[in-house]
Amino acid sequence: SIFDYETKAPILKIDEKSDLVTGVLRMTMLGGIVPFAYRAYNPVGDLVFTLQKEVKFGKVSFVDVLDPEGNILAQFPRDLLFFSKPFEIWDKDRNPLFNIQPSFTGKTKFFTNDQKLMVEMSRKAGGEFSWTNLLSGTSNSRMFIEIKDIVPKNDIMRQIILATIIYLQL
C-alpha cells in the first residue's frame, strides 16, 4: 500500500493474485518472463490503474500502465528493472513522457522532458525480515516519494509515476 507521509492516510492499495511458485520464479533468471498484473485501488475501492506485463517470447517485453477501462496510458521496456543509466517512460505511441535518473546514493529523480524535477524517491530500510515477504517478492524497505508541484494534483501523470515506482520495487 501507499500512504500519505503526513496524514498516514492510505492513497493506494496494491493487489496482485500470485502464488508461491510465482514468487520463487521471480527470484530466478526466469523472473523476466513471469507475467504479472498489479491493480491499484483508491481508498474507496475504485480501480485507479493496472500495471501489467504479458509473456512475450522472442520480443522485447513491455510493461503497460492501463486505465480502469484497459487502455494503455504509458509503457516502458521490462528490463528497466536493472537500470544503471537514465531511461524514459513513454505514452502509448512511444513518445517520451518523462525520464528517470537513477542514483546509487539513495535518491532517484524523475524529470520532465525539459529537465524540470518532478519526483524525488528515496529508500529507507525498515520492518522485520520475513520469509513470506522474501518468497512473495515484497520488500521490507520503505520508499519516500515526493511528487513536486510541477505535477498537478489530479493529473494522470501522477498515476503513471506511481505505477512506475511500484514496478521499480518489484
Measure the spacing between [atom1] of [X] and [atom2] of [Y] and express it to the nearest 0.5 Å.
| X | Y | atom1 | atom2 | value |
| --- | --- | --- | --- | --- |
| T164 | L97 | OG1 | CG | 9.0 Å |
| Q52 | F36 | CD | CZ | 8.5 Å |
| L66 | N71 | CG | CG | 8.0 Å |
| Q75 | D91 | CD | CG | 8.5 Å |

Are [X] and [Y] packed together at the side-chain level, in the sense that at least one heavy-atom pair is separated by less than 4.5 angstrom?
| X | Y | value |
| --- | --- | --- |
| L51 | I14 | no |
| T50 | Y38 | no |
| F98 | I161 | yes |
| K109 | L117 | yes |
| K107 | E146 | no |

If you look at every heavy atom in [X] and [Y], which pair is closest and at what distance?
| X | Y | result |
| --- | --- | --- |
| P43 | P10 | CG-O, 3.2 Å |
| K153 | R158 | O-CD, 3.2 Å |
| V48 | P68 | O-CD, 3.4 Å |

Original post:
Is there a donor-acceptor pair under 3.5 Å between the side chain of D15 and the backbone N or O of Y41?
Top reply: no

Original post:
Does the side chain of E88 pick up a donor-acceptor pair with the side chain of N99 at under 3.5 Å?
Top reply: no

Knowing that exactly one of [options] qualifies, which makes a side chain to side chain contact (heavy atoms under 4.5 Å, CB included) with [X]?
| X | options | result |
| --- | --- | --- |
| M157 | I89, V151, I147 | V151 |
| M118 | T112, D149, I100 | T112 |
| I165 | T108, I2, I160, I145 | I145 |

**OP:** State plainly whether one hydrophobic cluster holds both W90 and I72, where clusters connect Ile, Leu, Val, Met, Phe, Trp and Tyr through side-chain heavy atoms under 4.5 angstrom apart.
**Re:** no

**OP:** Evaluate the criterion side-chain contact (heavy atoms from CB on, under 4.5 Å) for residue pair F49 and I156; output intermediate values, then yes/no.
**Re:** CA-CA 10 Å; F49 63 82; I156 193 75; over 6 Å; no

Original post:
Is it true that atom CG of N154 has more than 12 heavy atoms of other residues, nucleotides or ligands lying nearer than 6.0 Å?
Top reply: no

Original post:
Would you say K148 has more than 12 foreign heavy atoms packed within less than 6.0 Å of its NZ?
Top reply: yes

